[in-house]
Amino acid sequence: MKNVLVISTSLRTNSNSEALADAFLRGAADAGHHTEKVTLRGKGIQFCRGCLACQQLGRCVIQDDAAEISRKMHDADVIAFATPIYYYEMSGQMKTLLDRANWLYSSDYRFTDIYLMTAAAEDDDFVPDRAESGLTGWIDCFARARLAGSVFAGGVNGPGETAGHKALAQAYEMGKTV
């Protein structure tokens, strides 16, 4: 049994990327894994100061919601991120969280498999490429980690438009295989 952490980065209620997160979560739970979902909606997460004190302290000096979330990331075997695509990139709040998780670099983190689920109004296959590239840039800093899978729901804009979208089944199946 693995500890699976799903982080939904959308700030919108009933968002399409969160629907993907929930499908992944159900798949992982149905496969017998311990699952937890964290949503960034309603969380206070400040920008990284770039002070690098975290590398010596083993934690960020800023005490806000990112501190607790990054501790959960540290202890997870699997992390799955779900983000809306804004201007062909991950959400700003996801990028801020990744920056704030800088202290993990010098820690004895557990995670090895990282997953990405994205949703966008545009439907072209290339739409999630930059978000995936941004996440793999973060992953590449962790020798034991890899991008283990990615799912994209294109052509969805308004809340709940992923209902019946093939990406929901893909996210569920990806969650079952962690």
Side-chain angles (χ1 to χ4, degrees), residues 3-29 35-48 60 62 64-105 109 111 113-122 127-142 145-162 165 167-168 170-172 174-175 178:
N3 290 319
V4 178
L5 177 65
V6 177
I7 301 174
S8 175
T9 70
S10 179
L11 303 182
R12 182 165 61 178
T13 302
N14 196 28
S15 78
N16 295 305
S17 62
E18 188 158 11
L20 295 171
D22 291 341
F24 183 95
L25 198 69
R26 280 191 308 277
T35 59
E36 180 178 1
K37 182 175 98 175
V38 171
T39 179
L40 299 189
R41 185 176 43 256
K43 301 286 192 283
I45 300 176
Q46 297 178 37
F47 294 118
C48 175
C60 183
I62 303 169
D64 61 6
D65 292 320
E68 179 184 347
I69 295 167
S70 64
R71 279 192 295 277
K72 291 175 185 278
M73 293 167 65
H74 176 275
D75 296 337
D77 299 304
V78 173
I79 303 171
F81 293 96
T83 185
I85 299 291
Y86 297 139
Y87 299 103
Y88 300 97
E89 184 53 274
M90 71 179 78
S91 68
Q93 51 275 14
M94 179 172 160
K95 175 64 169 105
T96 299
L97 178 64
L98 293 176
D99 290 346
R100 288 291 306 288
N102 187 53
W103 72 271
L104 294 171
Y105 174 75
Y109 59 89
F111 57 85
D113 289 343
I114 310 292
Y115 293 87
L116 178 63
M117 293 158 287
T118 56
E122 296 85 2
V127 171
D129 290 353
R130 291 182 188 148
E132 188 172 308
S133 177
L135 180 59
T136 56
W138 181 80
I139 293 168
D140 287 348
C141 295
F142 299 93
R146 68 185 180 110
L147 181 64
S150 182
V151 170
F152 171 58
V156 296
N157 191 27
E161 287 186 7
T162 50
H165 197 287
L168 287 176
Q170 293 169 337
Y172 174 83
M174 193 166 66
V178 298

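Starting from 1, each residue takes its place in the sequence as its number. All of these numbers come straight from a predicted model, not from anything done at the bench.
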For this session: Using a 4.5 Å cut-off on heavy atoms from C-beta on, say whether the side chain of Thr9 contacts that of Pro84.
Result: yes
Exercise. Does the side chain of Leu40 reach to within under 4.5 Å of the side chain of Ile69, using non-hydrogen atoms?
Worked result: yes
Problem set entry | Contact summary for Ile114 and Ala145, nearest pair of heavy atoms | CG1-CB, 4.5 Å
Exercise. Looking only at heavy atoms, what is the nearest atom pair of Ala120 and Ile85, with distance?
Worked result: CB-CB, 3.6 Å
Seminar exercise, completed: Applying side chain to side chain donor-acceptor pair (under 3.5 Å) to Asp113 and not counting sequence neighbours gives Arg146
For this session: Decide, yes or no, whether a salt bridge links Asp99 with Lys95 under the criterion of side-chain N to carboxylate O below 4.0 Å.
Result: yes
Problem set entry | Partners passing side-chain contact (heavy atoms from CB on, under 4.5 Å) against Asn14 (at least two apart in sequence or in another chain) | Pro159
For this session: Spell out, as yes or no, whether a donor-acceptor pair under 3.5 Å connects the side chain of Ser133 to the backbone of Asp129.
Result: no
Exercise. What do you reckon, is OH of Tyr86 surrounded by more than 12 foreign heavy atoms closer than 6.0 Å?
Worked result: yes
For this session: Apply the test side chain to side chain contact (heavy atoms under 4.5 Å, CB included) to residues Ile62 and Ile45: give CA-CA distance (whole Å), side-chain angles for both, the deciding distance (0.1 Å), then the verdict.
Result: CA-CA 9 Å; Ile62 303 169; Ile45 300 176; over 6 Å; no
Seminar exercise, completed: Distance col, row Asp22:CG vs Leu168:CG, nearest 0.5 angstrom, shows 9.5 Å
For this session: Decide side chain to side chain contact (heavy atoms under 4.5 Å, CB included) for Trp103 and His74; before the verdict, give the C-alpha distance in whole Å, the side-chain angles of both, and the deciding distance to 0.1 Å.
Result: CA-CA 10 Å; Trp103 72 271; His74 176 275; 3.8 Å; yes
Seminar exercise, completed: salt bridge (charged side-chain N to carboxylate O under 4.0 Å, His left out) filter on Arg41, not counting sequence neighbours, yields Glu18
Exercise. Given Thr83 and Ser91, is the side chain to side chain donor-acceptor pair (under 3.5 Å) satisfied, shown in steps?
Worked result: CA-CA 6 Å; Thr83 185; Ser91 68; 3.2 Å; yes
For this session: Mind checking the CZ-CD1 spacing from Phe81 to Ile7? Nearest 0.5 Å is all I need.
Result: 4.5 Å
Seminar exercise, completed: Taken in chain and number order and not counting sequence neighbours, the residues that satisfy salt bridge (charged side-chain N to carboxylate O under 4.0 Å, His left out) with Asp140 are none
Exercise. Roughly how far, to the nearest 0.5 Å, is the OG1 atom of Thr39 from the CD atom of Gln93?
Worked result: 9.5 Å
Exercise. Do Leu20 and Thr118 have side chains that get closer than 4.5 Å, going by heavy atoms?
Worked result: no
Seminar exercise, completed: Sequence neighbours excluded, the answer for side chain to side chain donor-acceptor pair (under 3.5 Å) partners of Glu36 is Lys72
For this session: Sequence neighbours left out, what passes ring pair (Phe, Tyr, Trp, His ring centres under 6.0 Å) with Phe142? Give chain and number order.
Result: Tyr109, Phe111, Trp138
Seminar exercise, completed: Value for SG (Cys48) from CG (Leu97), rounded to nearest 0.5 Å, stands at 11.5 Å
For this session: Might you work through the side chain to side chain contact (heavy atoms under 4.5 Å, CB included) test for Met90 and Leu116, ending with a clear yes or no?
Result: CA-CA 10 Å; Met90 71 179 78; Leu116 178 63; over 6 Å; no
Problem set entry | Tyr115 and Ile79, any side-chain heavy atoms less than 4.5 Å apart | no
Problem set entry | Set of residues satisfying side-chain contact (heavy atoms from CB on, under 4.5 Å) with respect to Leu25, sequence neighbours excluded | Val6, Thr35, Lys37
For this session: Output all residues satisfying side chain to side chain donor-acceptor pair (under 3.5 Å) with Glu122, sequence neighbours left out; order by chain, then residue number.
Result: none
Problem set entry | Ser8 side, atom OG; Met94 side, atom CE - distance, nearest 0.5 Å | 11.0 Å
Problem set entry | Listed partners of His165 passing ring pair (Phe, Tyr, Trp, His ring centres under 6.0 Å), at least two apart | none
For this session: Tell me, please, which residues at least two apart from Asp64 pass salt bridge (charged side-chain N to carboxylate O under 4.0 Å, His left out).
Result: Arg100
For this session: Please name the pair of heavy atoms, one in Lys43 and one in Asp65, separated by the smallest distance, quoted to 0.1 Å.
Result: CA-OD2, 3.3 Å
Seminar exercise, completed: For Thr96 and Gln46, the nearest pair of non-hydrogen atoms, with its separation, is CG2-O, 3.5 Å
Seminar exercise, completed: Sorted by chain and number, sequence neighbours left out, side chain to side chain donor-acceptor pair (under 3.5 Å) with Ser150 holds for Glu132
Problem set entry | Heavy-atom pair of closest approach, residues Thr162 and Ala153 | CG2-CB, 4.2 Å
Seminar exercise, completed: Taken to the nearest 0.5 Å, the spacing of Asn16 CG from Ser10 OG works out to 8.0 Å
Exercise. Salt bridge (Lys or Arg N to Asp or Glu O under 4.0 Å): which pairs involve residues 74-92, sequence neighbours left out?
Worked result: Asp77-Arg110
Exercise. Between Phe24 and Ala80, which heavy-atom pair has the shortest distance, and what is it?
Worked result: CE2-CB, 3.5 Å
